[in-house]
Protein chains: 2
Amino acid sequence: MFGDRKEDVPQKGFRLARSPVDSRRPLTLRDVSEASGVSEMTVSRVLRNRGDVSDSTREKVLEAARMLGYVPNKIAGALASQRVNLVGVVIPSLSNLVFPEVLGGISAELDDTGLQPVVGVTAYLPEKEETVLYEMLSWRPSGMIVAGLEHSETARAMLRNSGVPVVEIMDTDGEGVDSVVGISHRRAGRQMAAAIVAAGYRRIGFLGTKMPLDHRARKRLEGFQEGLAEAGLQLADTEFYSGGSALKKGREMTQAILSRTPDLDFLYYSNDMIGAGGLLWCLENGYDVPRQLGLAGFNGVDLLEGLPRRLATMDSCRREIGAKAAQIIAGRPHSGVIGGEVIELTPVIQPGDTIRRA
Amino acid sequence: MFGDRKEDVPQKGFRLARSPVDSRRPLTLRDVSEASGVSEMTVSRVLRNRGDVSDSTREKVLEAARMLGYVPNKIAGALASQRVNLVGVVIPSLSNLVFPEVLGGISAELDDTGLQPVVGVTAYLPEKEETVLYEMLSWRPSGMIVAGLEHSETARAMLRNSGVPVVEIMDTDGEGVDSVVGISHRRAGRQMAAAIVAAGYRRIGFLGTKMPLDHRARKRLEGFQEGLAEAGLQLADTEFYSGGSALKKGREMTQAILSRTPDLDFLYYSNDMIGAGGLLWCLENGYDVPRQLGLAGFNGVDLLEGLPRRLATMDSCRREIGAKAAQIIAGRPHSGVIGGEVIELTPVIQPGDTIRRA
DNA sequence: TTCGCTTATGTTAGCGGTAACGGCAGCGAA
DNA sequence: TTCGCTGCCGTTACCGCTAACATAAGCGAA
């Protein structure tokens, strides 16, 4: 009553600037506690809805907090409680459309768990991935969801030592650090090869973006080749490109490969976007799709629905992968080190209108 | 020498579990300091590259940190230093393609400032925006970049009281809380109207997504109508839709509006994606574009490059907006409350091939 | 030699919260 | 009345790190 301890005793440095009139001083629990006449601890309890507090006190505190416009400091809270409600999500790109969808699945699943995703983008660069992981782990998140299984040894070590649950997503062809949720791209490639061969196509070309670090695309191609090999076939031609508008690249590559190898009867694209470009080009240039020339992409993006003809593709279970990954993180009790689950989802071929019906 | 204080005196609760053999105990500065035989402060200095440390000591410390796989705890660091290297970025959606691009501009600009963007998505919902802002502000970021100027009163208050620099982006038609970087969508609409009228079109229809909360689209439409009014015209018909694949919606809406009002000679779409769908539909159905029927969209997404004909559009300066916003945040000295800048960029019409040449 | 300055390192006191525990009414049962 | 319990709230001791202030050694100049 005769004077609050601490607060009005000028201490040092910037503390001096914190005169009671200075409304720009950041608010703390103490301000709320003084305004409502209870201890900081009680305020903390009210704001976190934890422990017993009488209704009347609760009201007072909430009112004071609202009046002051108090926003709790999670930094302090996290340090004290050793709990952080963040989940790191590391993906190679945001412009690929596929990744925002995975993210959508994660967010939706996390929505009522109190956990919050924080996104980091690697641009397909291993060094960047290391930086992003380091940065994220330094915030001691409750979990990490990382795209792909291929990481530098340093990155793997960081994840392993971090003590937080890790889920590697999108790909199951390989060894994970902890849990894994995804599809087998190798198998996906084989499956598509089988379907194409079964439909009677024989002169098959592959078109992809030149991304040595897109391991999933690479595995798909490898699987595809294996699948062809089983039927005694091999790729008749391939075409790679990088950068730029995928739709446009799809056109250009298609023109290029068909003028180089005119007798191709099927084009397999490493993703739907270039596939769509290819499809548009083929239709404009009078190809009889799918009789004369079959086409297929990969991913099952819903952009395809607006195309003149539905491109054959394969769903890559993106939302579901995100959801499952989030479930694993959310379900894992705090740092209780349980073994890594591996969940392999099975993509389904959507034949569309660009592959001959059996 | 005779025994480390603290560490080997069992204290209480979980501390007991922290035996020296337990390698899963989280590492702290202390571990590194013990391993390298210097004080925690010196380790801290080395890891942050701050203050004078002899080369030999630096080496020792770095070696120890590497050996142990130590990752600094930013939570503690931030609390102690009152500095957080995070910038909150709040956008309505990730699947709109436009927003990842803004984000790209922000990231690129922030890349060598030590600052890191953290993304929050509002799904165009004001309540969700409040939650996201609250959540972000509770981490005391160095700045906030928020899409749009329309926020709930609560949200504006939070931003104002937060004491961090705020940049509202994408839109300059209205009052901002602090700084603003964007384009005038109203003016953009007028400008497009003027161009269309100048090209001789008179029976003009508008097609947009039914999103009452997409204020920028609304302002564009209002500006467009104003522009038409100046020429003594008004919209001949409109069509709205929501949800689903934008490309497909574009087709459906185009078909709908043209069968209802067949004498339209121009269709203005609220974004490029539905515009692209419309373009495909028109071409397939034998419309003579742009002679008989002109088309235009908005945004200037590079997807358009792959279309059979280049859709007329208007660049929305997305990367540049992101870059400028990031510059403001990065350039603002810590919480030095300087006045809010307003930067209005000027979008340029890209006539493409779907509007008659003057 | 002494002073003053620089360089390299350690010590102390928090940052703003929360876990854990303590204390004290109020109240029904023994 | 006494005990034990529950409901409510406060006190204390940190969480892991860094700002600010010692401290100590080395060295050239006065």
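Here is the naming used below: chain letters follow the sequence lines, and residue numbers restart at 1 for every chain.
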**Student:** Report the residues that fulfil side-chain hydrogen bond (donor to acceptor under 3.5 Å, both in side chains) with Glu130(B), sequence neighbours left out, ordered by chain and then residue number.
**Tutor:** Ser152(B)
**Student:** Rounded to whole Å, please give me the gap between CG in Leu47(A) and C1' in dG16(C).
**Tutor:** 13 Å
**Student:** Using five pairs at each end of the helix from dT1(C)-dA30(D) to dA30(C)-dT1(D) to define an axis, what is the angle between those two axes, to 10°?
**Tutor:** 50°
**Student:** How many whole angstroms separate atom CZ of Arg50(A) from atom C1' of dA20(C)?
**Tutor:** 14 Å
**Student:** Quick one: is dA19(D) close enough that its OP1 or OP2 comes under 4.0 Å of any side-chain N or O from Arg83(B)?
**Tutor:**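 The answer is yes; a side-chain N or O of Arg83(B) sits under 4.0 Å from OP1 or OP2.
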**Student:** Go through the structure and list residues passing salt bridge (Lys or Arg N to Asp or Glu O under 4.0 Å) with Glu59(A), not counting sequence neighbours.
**Tutor:**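 Glu59(A) satisfies salt bridge (Lys or Arg N to Asp or Glu O under 4.0 Å) with no residue once adjacent residues are dropped.
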**Student:** What residues, two or more places apart in sequence or in another chain, satisfy salt bridge (Lys or Arg N to Asp or Glu O under 4.0 Å) together with Glu109(A)?
**Tutor:**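 Listed in chain order: nothing, the list is empty.
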**Student:** Nearest to the side chain of Arg140(B), heavy atoms from C-beta on, is which of dT18(C), dT18(D), dG17(C)?
**Tutor:**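 For the Arg140(B) side chain, the nearest candidate turns out to be dG17(C).
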**Student:** Taking only the side-chain heavy atoms of Ser81(A) (C-beta and beyond), determine which of dT18(D), dG16(C), dT18(C) contains the nearest atom.
**Tutor:** dT18(C)
**Student:** Flag the pair Val181(A) / Val342(A) as yes when at least one side-chain heavy-atom distance between them is below 4.5 Å, and no otherwise.
**Tutor:** no
**Student:** With sequence neighbours excluded, what pairs up with Arg66(A) under the salt bridge (Lys or Arg N to Asp or Glu O under 4.0 Å) test?
**Tutor:**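 Salt bridge (Lys or Arg N to Asp or Glu O under 4.0 Å) check on Arg66(A) returns Glu63(A).
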**Student:** Met41(B) side chain: which of dG16(D), dA20(D), dG16(C) is closest?
**Tutor:** dA20(D)
**Student:** Within this structure, what is the CG-to-C1' distance between Leu79(B) and dC15(C), rounded to whole angstrom?
**Tutor:**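 In whole Å, dC15(C) C1' and Leu79(B) CG are 4 Å from each other.
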**Student:** With sequence neighbours excluded, tell me which residues meet side-chain hydrogen bond (donor to acceptor under 3.5 Å, both in side chains) with Ser39(A).
**Tutor:**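 Applying side-chain hydrogen bond (donor to acceptor under 3.5 Å, both in side chains) to Ser39(A) gives Thr42(A).
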**Student:** For Gly51(B) and for Leu29(A), find the nucleotide of DNA chain C with the closest heavy atom, then tell me which residue's nucleotide is more 5'.
**Tutor:**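 Its nearest nucleotide lies further toward 5', so the answer is Gly51(B).
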**Student:** Using whole Å, report how far CG of Leu68(A) lies from P of dG16(C).
**Tutor:** 15 Å
**Student:** Sequence neighbours excluded, which residues qualify as side-chain hydrogen bond (donor to acceptor under 3.5 Å, both in side chains) partners of Glu175(A)?
**Tutor:**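 Not a single residue meets the side-chain hydrogen bond (donor to acceptor under 3.5 Å, both in side chains) criterion with Glu175(A).
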**Student:** Using the rule side-chain contact (heavy atoms from CB on, under 4.5 Å), only one of Leu86(A), Asn73(A), Val118(A) pairs with Trp139(B); which is it?
**Tutor:** Leu86(A)
**Student:** With sequence neighbours excluded, what pairs up with Ser81(A) under the side-chain hydrogen bond (donor to acceptor under 3.5 Å, both in side chains) test?
**Tutor:**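 Expected list: none.
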**Student:** Using a cut-off of less than 4.0 Å, is there contact between a side-chain N or O of Gln82(B) and OP1 or OP2 of dG14(C)?
**Tutor:** no
**Student:** Take the protein atom CZ of Arg48(A) and the nucleotide atom C1' of dG16(C), then report the distance between them rounded to whole Å.
**Tutor:**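 Whole-Å distance recorded here is 12 Å.
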**Student:** Whole angstrom is fine here: how far is it from CD in Glu34(B) over to P in dG10(C)?
**Tutor:** 13 Å
**Student:** Establish, with yes or no, whether the OP1 or OP2 oxygen of dG16(C) is under 4.0 angstrom from a side-chain nitrogen or oxygen of Tyr70(A).
**Tutor:** no
**Student:** Send over the distance from Ile75(B) CD1 to dG16(D) P, rounded to a whole Å.
**Tutor:**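 Answer to the nearest Å: 10 Å.
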**Student:** Which pairs, protein N/O on one side and nucleotides 7-9 of chain D N/O on the other, fall under 3.5 Å?
**Tutor:**
from   : atom 1 : to       : atom 2 : distance (Å)
dC9(D) : OP1    : Ser54(A) : OG     : 3.3
dC9(D) : OP1    : Thr57(A) : OG1    : 2.4
dC9(D) : OP2    : Ser54(A) : N      : 2.9
dC9(D) : OP2    : Thr57(A) : OG1    : 3.4

